[in-house]
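A, B, ... follow the sequence lines: proteins, then strands. Residue 1 opens every chain.
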Amino acid sequence: MQELPKAYDASSVEDEIYQRWESSGYFNPDKLPDRNQNGEPYCIIMPPPNRTGTLHMGHATMLAIEDLLIRFQRMLGKKTLWLPGTDHAAIATQVKVEQLLMKEGIQNPREELGREEFLSRVVAFAEDSANTIRSQVRKMGSSCDWSREKYTLDAERNRAVNEMFKRMYEDGIIERGDRMVNWDPGFKTVISDDEVVWREEKAPFYTFKYGPFEIGTSRPETKFGDKYVVMHPEDERYAAFKEGQKIELEWINGPITATVIKDSVIDREFGTGVMTITPWHDQVDYDLAERRGLDKEQVIDMEGKLLPMAGEFAGMSILDARKKVVEKLKAKGLLVQVDENYVHRVATAERGGTLIEPQISRQWFIRVNKKFALRQDTLGKWKKGDQTTLKELMIEAVASKQTNIVPDRFEKIYFHWINNLRDWCISRQIWFGHRIPVWYKDQEEQVSETAPGKGWEQDPDTLDTWFSSGLWTFSTLGWPEQASDLKNNHPTSVLETGYDILFFWVARMILMSSYGLGEVPFKNVYLHGLVRDEKGRKMSKSLGNILDPLDLIPKYGTDAVRLSLLIGTTPGQDMRLSENKIAGFRNFTNKLWNISRFIMIQLGEGGLRQEKIEPTTLADKWILTRLADVVTSITKKLDAYRFSAAGDELRDFTWTELADQYLEIAKKEKGKEAILSYILTTILKLWHPYMPFITEHVWSLLGQKELLLVAEWPKSKEIPIDTEAAEEYLRQQRSKQSPEDQERQKEELEEIVSYIQSTEQKLADTDFQSKAPDHVVAGMRKKLEEAKQKREWLEKMRSY
RNA sequence: GGACGUUUAGCUCAGUUGGUUAGAGCGUUCGAUUCACAUUCGAAAGGUCGCAGGUUCGAAUCCUGCAACGUCCACCA
């Protein structure tokens with residue numbers, strides 16, 4: 001027998017073990033053993049990490065949970081597919097590369113390099129990131145099928161994107177239009193509502209004289225084009241002014257004519273109850289102008305500078321102009337007052353952080369409220385040809401429970417978001433991404449992958465990265481072809497991701513799948529919380545509190561890192577992680593190592609015993625009964641996504657009951673080789689989804705021919721149990737009850753007995769029967785039953 | 001403004017259909033240790049389960065109200 005080290009050294013075995021798994025082919029569903037080939041399919045599509053750099057703790061959490069699910073289901077005998085991939089992450093990656101190029105001294109990367117050269121730099125960076133990510137995903141022990149790896153921007157995904165675009169265009173739910181959008185003047189692209197981050201900011205709030213009115217604003221620099229003055233129709237202060245009335249007044253650059261508009265969007269309580277509107281640069285104003293057919297005029301250009309219509313202020317940046325405009329109005333005696341303590345919220349870009357300027361711009365939109373005819377039977381509710389909207393599809397998928405969200409409170413949040421959802425702007429003025437498959441010639445436009453003929457120009461814009469992400473569950477399985485992978489695995493079993501991208505991504509996959517395929521993309525959604533530092537702060541570079549999985553793995557082992565992300569956490573709830581916690585789980589992996597080592601030493605040359613186990617002593621019967629309980633309970637909890645509870649229970653059993661108690665007995669009493677063999681192999685199987693490396697390592701030291709990776713999950717009914725013997729064992733172990741406790745239990749029993757008597761009397765009373773409503777009687781009966789159960793329990797306890 | 005979450009031992013958190021004396025890990029204190037493991041073992045201290053009411057024989061758990069912290073959504077010139 002070989003010499004076994006006293007401490008488990010994860011780093012010396014993990015890479016070799018991963019190699020063995022990968023070369024076994026078992027990550028690939030088509031190469032699994034026969035048992036799994038006949039099992040039902042179980043599929044998880046990995047949320048593709050962005051090709052923007054390296055993996056962080058959030059990714060590690062995702063990989064740990066998904067690998068646990070896949071390994072558990074594989075051992076149960078399912079035909080498991082975990083499909084990995086990466087995301088081009090359009091804007092995020094382009095921003096990152098632009099920053100890198102600027103550091104290299106290229107001031108305006110896009111202008112200086114040109115589209116082709118710039119894109120080749122981005123592609124090189126993305127490829128580099130992908131390689132890093134692949135090796136990191138392996139480091140975490142992920143048992144995903146590398147032969148099926150996909151990329152959101154590869155050729156087949158591009159075909160899927162173009163096909164989906166084409167269908168939506170033909171159905172009239174993709175449409176081009178001039179609408180109000182969120183414009184990022186820094187990166188010169190539009191971004192979606194969900195990519196806008198609102199920041200609280202203190203800014204002066206000015207009140208100006210505007211003819212006979214006073215108006216308030218925090219953005220005087222936009223007021224050049226304001227020629228409508230709006231008030232509430234029932235505001236008596238302004239009853240003298242009539243709808244459509246023209247008023248001559250002195251304004252920034254001289255006299256103008258303002259038109260009175262009466263509209264109930266006005267909040268009479270706010271400020272003076274009067275406002276002017278800037279429809280080109282404000283959503284609310286835009287909506288009002290659209291509704292009332294008012295003129296719109298652009299004031300600020302796409303780079304954040306004032307246009308010629310601002311007169312002497314033309315060409316100034318917004319912030320410069322603000323000061324100057326206020327000075328001028330003040331000089332004209334039109335400034336009434338300034339509130340320096342006004343706090344409002346400004347829109348900034350999620351990537352890059354520049355101030356967002358609302359602009360009217362010609363863009364492509366997905367219309368979520370427009371009726372269209374379905375191309376196939378959908379979600380079991382609609383028939384082919386029925387009219388519906390994308391919003392209705394998104395609601396039905398979750399409301400009908402075809403997609404089930406864990407934890408379920410997020411369903412409410414999901415519905416709320418959909419109710420507020422507006423059309424989705426899908427075009428971006430960036431270069432890295434799927435090019436919009438639309439071609440123009442003179443006044444014509446045509447959707448096509450390639451040029452329809454001579455003289456056609458392709459739309460220069462690309463698609464929002466979430467458009468291709470939305471297709472991820474089925475584009476990866478071969479759609480739009482009728483691929484067998486698609487047929488076997490869609491809808492997928494589980495989508496596991498952080499709750500922070502519920503809207504960005506989860507909702508959009510539901511949209512795309514129910515529209516394009518008529519079915520949900522996944523049956524279950526499991527949302528994990530965000531990983532925070534030990535003080536509960538978000539991990540960030542600027543705070544310097546980042547825990548990097550790649551630093552922790554060599555130090556504590558992958559298994560310990562995985563445990564720290566799986567145990568002590570609940571779905572949808574943020575978790576605090578500290579190195580201390582990981583060290584604690586490293587200690588546990590070592591404990592499991594030494595349990596294995598002890599048993600292997602006990603087994604000696606004879607190795608693992610295969611003979612039927614025959615418990616003889618009370619302790620044997622107790623530990624086997626407990627083992628059977630644990631198998632049942634762990635299986636149930638894993639099925640219910642209760643990873644933390646299952647892991648906790650298993651750790652408790654392994655450490656306290658098995659190691660501290662039973663192994664101590666086994667030291668004194670010999671002849672337990674068969675039982676020890678059985679217990680060890682069983683707990684290795686139970687732990688495998690949590691700690692794949694150490695369990696596989698011990699498994700092979702035990703001389704097992706086949707990998708633990710594909711071993712059969714334990715069944716409790718195969719374990720001999722003897723509940724009475726187990727209770728007897730515990731009774732002997734337990735110290736005598738104290739007299740006070742006995743007294744307390746006696747009192748409690750008496751109380752319950754008297755309650756049962758009085759309730760039974762009451763229920764038997766005919767007068768009561770005739771008067772009491774049914775539900776009251778039913779409630780009383782239910783409670784009576786519970787009380788009787790409790791009585792039995794107490795009586796049983798007393799008899800001990 | 002709307003919604004949601006959290007509040008349990010010094011710290012991090014479990015506690016799923018209301019039910020024995022509210023648990024675990026870490027930390028603290030005391031003790032042990034050539035016998036699988038000091039990345040260990042045994043023991044102890046430590047909790048009015050945020051606050052106030054209510055339902056119940058019985059509430060950390062259900063209901064109502066309040067408070068603190070956090071998150072998301074909407075966004076008013």
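Atoms CD (A:Glu200) and P (B:U71) sit 12 Å apart, rounded to a whole Å. Atom OH in A:Tyr641 sits about 21 Å away from atom C1' in B:A14, given to the nearest Å. If you take CG of A:Leu658 and C1' of B:C37, they are 13 Å apart, rounded to a whole angstrom. Between A:Tyr414 atom OH and B:U71 atom P the separation is 25 Å, expressed in whole Å. Atoms CG (A:Leu650) and P (B:A24) sit 17 Å apart, rounded to a whole Å. The CG atom of A:Asp660 sits 14 Å away from the C1' atom of B:A24 (whole-angstrom rounding). As a whole-Å value, the separation of A:Glu649 CD from B:G15 P is 13 Å. In this entry the distance linking CG of A:Leu577 with P of B:G25 reads 19 Å, nearest Å.
Mapping A:Asn580 and A:Tyr8 onto RNA chain B by nearest heavy atom places A:Asn580 at the nucleotide closer to the 5' end. Checking A:Asn590 against A:Glu664, the closest nucleotide of RNA chain B that is more toward the 5' end is the one next to A:Glu664.
Judged by distance alone, with hydrogens and angles left aside, the side-chain atoms of A:Asp652 form no donor-acceptor pair with the main-chain N or O of A:Asp648 at under 3.5 Å. Between the A:Asp285 side chain and the A:Thr278 main chain, a donor and an acceptor come within less than 3.5 Å of each other. Between the A:Arg237 side chain and the A:Arg268 main chain, a donor and an acceptor come within less than 3.5 Å of each other. Listed for the A:Asp559 side chain is a donor-acceptor partner under 3.5 Å among the backbone atoms of A:Phe693. In this structure, the side chain of A:His697 does not engage the main chain of A:Val13 through any donor-acceptor pair within 3.5 Å.
Not one side-chain nitrogen or oxygen of A:Trp655 sits closer than 4.0 Å to the OP1 or OP2 atom of B:G25. For A:Lys412, a side-chain nitrogen or oxygen approaches OP1 or OP2 of B:C4 to under 4.0 Å. An OP1 or OP2 oxygen of B:C41 is reached within less than 4.0 angstrom by a side-chain nitrogen or oxygen of A:Lys591. For A:Thr570, a side-chain nitrogen or oxygen approaches OP1 or OP2 of B:A14 to under 4.0 Å.
B:C72 is paired with B:G2 under the criterion used here, namely a Watson-Crick or G-U wobble arrangement in which both key atom distances are under 3.5 Å. Partner assigned to B:G65 is B:C51, using Watson-Crick or G-U wobble distances below 3.5 angstrom. Across all strands shown, B:A59 forms no Watson-Crick or G-U wobble pair with both key distances under 3.5 Å. In a base pair of the Watson-Crick type (N1 to N3 plus N6-O4 or O6-N4) or a G-U wobble (N1-O2 and O6-N3), with each distance short of 3.5 Å, B:U21 is matched with no nucleotide. Of the nucleotides present, none pairs with B:G46 by Watson-Crick or G-U wobble criteria with both distances under 3.5 Å. With a 3.5 Å ceiling on both atom-pair distances, B:C35 lacks any Watson-Crick or G-U wobble partner.
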Could you go through the salt bridge (Lys or Arg N to Asp or Glu O under 4.0 Å) check for A:Lys555 and A:Glu579 one step at a time? CA-CA 10 Å; A:Lys555 209 164 161 190; A:Glu579 251 191 271; 2.8 Å; yes
Pair A:Tyr499, A:Phe410 - check ring pair (Phe, Tyr, Trp, His ring centres under 6.0 Å), show working. CA-CA 8 Å; A:Tyr499 66 78; A:Phe410 280 95; 5.7 Å; yes
Apply the test ring pair (Phe, Tyr, Trp, His ring centres under 6.0 Å) to residues A:Trp593 and A:Phe588: give CA-CA distance (whole Å), side-chain angles for both, the deciding distance (0.1 Å), then the verdict. CA-CA 8 Å; A:Trp593 169 251; A:Phe588 178 67; over 10 Å; no
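Atom name C1', nucleotides B:G58 and B:G5: the rounded distance is 29 Å, in whole Å. B:A24 and B:A43 have their P atoms separated by 12 Å, given to the nearest Å. The P atoms of B:G23 and B:G47 are separated by 14 Å, rounded to the nearest whole Å. Taking the P atom of each, B:G1 and B:G46 are spaced 45 Å apart, rounded to whole Å. Distance noted for atom P between B:A45 and B:C35: 31 Å (whole Å). Using P as the reference atom, B:U34 and B:G27 are 23 Å apart when rounded to the nearest Å.
Proximity of the aromatic rings of A:Phe213 and A:Phe241 is defined here by a centroid distance below 6.0 angstrom, and this criterion is met. Ring-centre distance between A:Tyr210 and A:Trp251: below the 6.0 Å cut-off. Between A:His344 and A:Tyr342, a ring centre-to-centre spacing shorter than 6.0 Å is recorded. The aromatic ring centroids of A:Tyr414 and A:Trp417 lie 6.0 Å or more from each other.
Nearest nucleotide to the side chain of A:Lys223, out of B:A77, B:A36, B:U39: B:A77. Of the candidate nucleotides B:C37, B:U39, B:U12, B:U39 has the atom nearest to the side chain of A:Ala7. Side-chain proximity of A:Arg345 to the nucleotides B:G42, B:A74, B:A36 is greatest for B:A74. With distances taken from any side-chain atom of A:Asn420 to the nucleotides B:A14, B:U40, B:C73, the minimum falls on B:C73. The side chain of A:Asn587 has B:U39 as its nearest neighbour among B:U39, B:C4, B:A36. Across B:A77, B:C73, B:U12, the shortest atom-to-atom separation from the side chain of A:His344 is found for B:A77. Side-chain atoms of A:Tyr342 lie closest to B:A77 of the nucleotides B:U39, B:A77, B:G25. Among the nucleotides B:A77, B:A36, B:C76, the one closest to the side chain of A:Val284 is B:C76. When the nucleotides B:U12, B:C73, B:A36 are ranked by their closest atom to the side chain of A:Asn594, B:A36 comes out on top. Side-chain proximity of A:Arg651 to B:C37, B:A24, B:A77: nearest is B:A24.
No N or O donor and acceptor, one from the side chain of A:Lys6 and one from the base of B:C37, sit under 3.5 Å apart. No hydrogens or angles were tested; on distance alone, a donor-acceptor pair under 3.5 Å links the side chain of A:Arg586 to the base of B:U39.
Contact annotation for A:Ile595: base contact, defined as any heavy-atom pair under 4.0 Å involving a base atom. A:Trp593 comes within contact range of no nucleotide atom at all, as no heavy-atom separation falls under 4.0 Å. The residue A:Asp500 sits apart from the nucleic acid: no heavy atom pair falls under 4.0 Å. The residue A:Ala659 sits close to a base: some heavy atom pair falls under 4.0 Å.
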Nucleotide N/O of nucleotides 5-10 of chain B paired with protein N/O under 3.5 Å:
unit_1	atom_1	unit_2	atom_2	d
B:G5	O2'	A:Gln573	NE2	2.9

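Taking CD of A:Glu657 as the reference point, atom CG of A:Asp629 lies at 9.0 Å (rounded to 0.5 Å).
For A:Lys670, the NZ atom is densely surrounded, since the number of other residues' heavy atoms within 6.0 Å is greater than 12.
Taken residue by residue, residues 258-280 of chain A places heavy atoms nearer than 4.0 Å to RNA chain B at A:Ile266, A:Asp267, A:Phe270, A:Met275.
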